[in-house]
Amino acid sequence: MRGARMVSALAMALFLEAILYSFSQGAEKPFYQGKTVTIFTTGSPGGGFDQYARLLAKHMPRYISGQPQIIVSPLGGSSAIIEGNLIQSAKPDGLTLLMMHNQLYLEQLKRTEGVRFDLSRLTWIGNAGTDSLGLVMRDPFETLEEVRRAKNPLNFGASVGGASYMLPALLKEALGLNFKIITGYSGGERRLALARGELDGIATSVGSAYRELRDELSTGRVQFVIQTGLPTKGGGHEPDPHISKVPLVRDMKMSPEAVALTELVLGAHLYTRPLVGPPGMPEDRTRILREAFMKALGDPNLLADAEKQRMNALPVDSATIQTFYQKLINQPPSVVKQIEKIFGPG
Amino acid sequence: MIEAMFSGLVQVFEWPTFGFMLMGIAIGYVVGLLPGLGGLPSLALMLPFTYTMEPIAAIALLLGAQAVFSTTGDVTSVLFGVPGEAASAAVILDGHAMAKKGEAGRALGAALFSSLVGAVFGALVLAASIPIVQPLVLSLGTPELFMLAVLGITFIASVSGRSVIKGIVMGGLGLLLSTVGMDPQQGVLRYTFGQPYLHSGLSLAVIAVGLFAIPELLELGVRRSSIAKPGFGKTSGALEGIKDTLRHWGLVLRCSAIGALIGILPGLGSGVGQWLAYGHAVQSSPNKERFGTGAVEGILGPGAANNSTTGGSLLLTISFGVPGGSHMALLLGAFLILGLVPGRDMLSTHLDLTFSMVWVIVIANIITVGLSLLFIDQLARITFVKSTLLIPFILLLIYLGGFATHNMIADLVAVVVFGILGTLMVWLDWPRPPLILGLVLGDLAERYFHICIARYGWTWLLRPGVIIIIILIIVALLYPLWHRRWGPAST
């Protein structure tokens, strides 16, 4: 009797064990559990791309099953082309991402030496932020009309190939403004040169200007005269709320060629913080990352952190951003020639 | 102003601010010692922790670390010949040479104590310049900055060692290497040979590690003994190094002033300041031939300058929002997160906070140097450890130092290439410092010259500031000739 009881207890235990085993087989361990995702960033540690990547690294894991660790690895101001090549050839296992430079498409368009990436093949996760770019002028230029009327060339300081060069070069071409663009200035040097009157104007983002030219803006020694604006949900553009009365570039009267050029060049400045992965990432992992990306960017804690750092968080889903960049890199040869004329050959 | 100064001091000693400062010092200490960790990524990692802190506590944490990076970076430079931080490379020349002679303790004492003097000097400059910094910085245009870069290039003659001709050739090579990458005027790629790695130019940190650390390592391997060559006897103590600092107080203060001035000027930074200070130390010494073989003045100059730069560049950062280097760019980011906007407010409404920064720099360095002096002689004994035990460790430091720059394997290749070049230079007796000086000043001189011509034509040569610096350059170049011919020694 006692032996029979023991046998039935043993059978019961085996049965339970079998059920538990089958459950454990059914509920697979999430892929990202115990894993580390690396987000490489363009620019230096502490720069804009790095800031956004760290924000995502802090808040995205909560929305990924298995809560992986996300680390940020700045590429320390190396060439944007290296970063593009790096992500193109990275292992597509869903563990390597890049907070990509938003002007990388220009290098692909111009077929710059060393380009081995193809933006249309990358796995797009989404876009995290935006910023309006504008021209800041010194006294006595308070409006774009006054800038138009300038008899002598106005000195603009810029870094070659950067946004500081791109906007005045574009406006010089599209609006026929009398600008002399002096290259070779770094960001800090430009702002000091503007403050001491060596330069008449610079191009900078509204966010940077309110951080770094606050005294000058508040006393009216410098002012914005034109801006690229922020994207609206309907696909249009609106002025940055800090400088709501400053006109938008797109509202200017331009020839159809100039309009096309403006759309192309300023396009990437609507979506300034794209996050991408290597080509051919597994679909399930891509889906997990895309969903977590959008959820994290809607998280009030992330938005509060962004607010503290004066960052314009702007969640844009992968489909929208991918279509957008696809359009940017498919340009007719005539447009590419024009790009090379203004921004130099590749 | 006096009230703000005391208020700043009291705030630093309040709890938990003081605790955060100690934490920052501890992090800065370790990071400075190990080249692979690097000050910049460490500050970036610390940044998110400051989001929820009080401004003063966050400043104590970040600035506490920043203030001691180059102080302890000098320790690695002296002991192993590997620059702990890029700003500590110049200390290797004489610091490591002293370590090889069995004088590591004295070299460390001199490096640490001159660093302390430099840091305090830089902090005092920061405090004293608050009322005049804005007009001072705005009075210096690109033409004046260009002439200062040219003045720096003339220092190549001072750091050339025995042969000025060889120095000029190496300086020229440095200038040539500074042109690698995308040119800053037209965006044309120069000497990149189809390699995207070279698009953004050569990294100073990588070159310094390769040029200085690899030859030392090879020499150690060939010699198969310890770093300190046998027969040099007992390690001399740190106290001797402190006495050296006091003995050469004039040099230490002058080099601190050079560092602080370089810090205030945008674009230069401690990478330049340390070499100009080294050049000045050589220039002002009656026994120039001792440099490179273990002259203590060769440690005191750069040791003081690389620390006084912090005060100078912080002044530029808080008064204009223009970071005087990438470390300051991160600190600027932190200030903005904390709601502190650089500009007049920092020099008026938030003056107490500005003064608390001054105090953090001073106190952090006093604590660091005080602690280090307690066990410096023990640290110096590493130079008597057998090379077979040390080489793997130093090799690790070298590769960490190279890899941490961009997190790229290509950096390790560059370390090896410059290591081979450095070894050849040592064997053939070609000086390495002029190459570094040419490299760091070449980019600045090229950019500024282009801006001068594009903006002013040739009229920039008539600016009073430019004329004064031209006269200084002529005096600096002709004085040694005059001294040789008509000076006291010639009679």
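Convention: sequence-line order gives letters A, B, ...; per-chain numbering from 1.
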Q: Could you tell me which non-hydrogen atom of I451(B) sits nearest to which non-hydrogen atom of Y185(A), and how far apart they are?
A: CG2-OH, 3.1 Å
Q. Which region of D443(B), side chain (C-beta onward) or backbone (N, CA, C, O), has a non-hydrogen atom less than 4.5 Å from a non-hydrogen atom of chain A, or is it both or neither?
A. neither
Q: Please say whether more than 12 non-hydrogen atoms of neighbouring residues, nucleotides or ligands are located less than 6.0 Å from CD in Q88(A).
A: yes
Q) Short question: side chain of R455(B), backbone of E198(A) - any donor-acceptor pair under 3.5 Å? A) yes
Q: Could you tell me whether a side-chain N or O of R196(A) sits under 3.5 Å from a main-chain N or O of L140(B), the two making a donor and an acceptor?
A: yes
Q. What part of T38(A) is in contact with chain B, defined as an atom under 4.5 angstrom from a non-hydrogen atom: side chain, backbone, both or neither?
A. neither
**Q.** Best-contacting candidate, I181(A), I71(A), L192(A), V115(A), against chain B by heavy atom pairs under 4.5 angstrom
**A.** L192(A)
Q) K180(A) side chain to A454(B) main-chain N or O, any donor-acceptor pair under 3.5 Å? A) yes
(Q) Please classify the contact of A193(A) with chain B as side chain, backbone, both or neither, using a heavy-atom distance under 4.5 Å. (A) neither
(Q) For the interface with chain B, which of T183(A), L213(A), N85(A) has the highest count of heavy-atom pairs at distances below 4.5 Å? (A) T183(A)
Q: Find the distance between OG (S159(A)) and CE (M182(B)) and round it off to the nearest 0.5 Å.
A: 11.5 Å
Q.
Is T142(B) in contact with chain A via its backbone, its side chain, both, or neither, using a 4.5 Å heavy-atom distance?
A. both
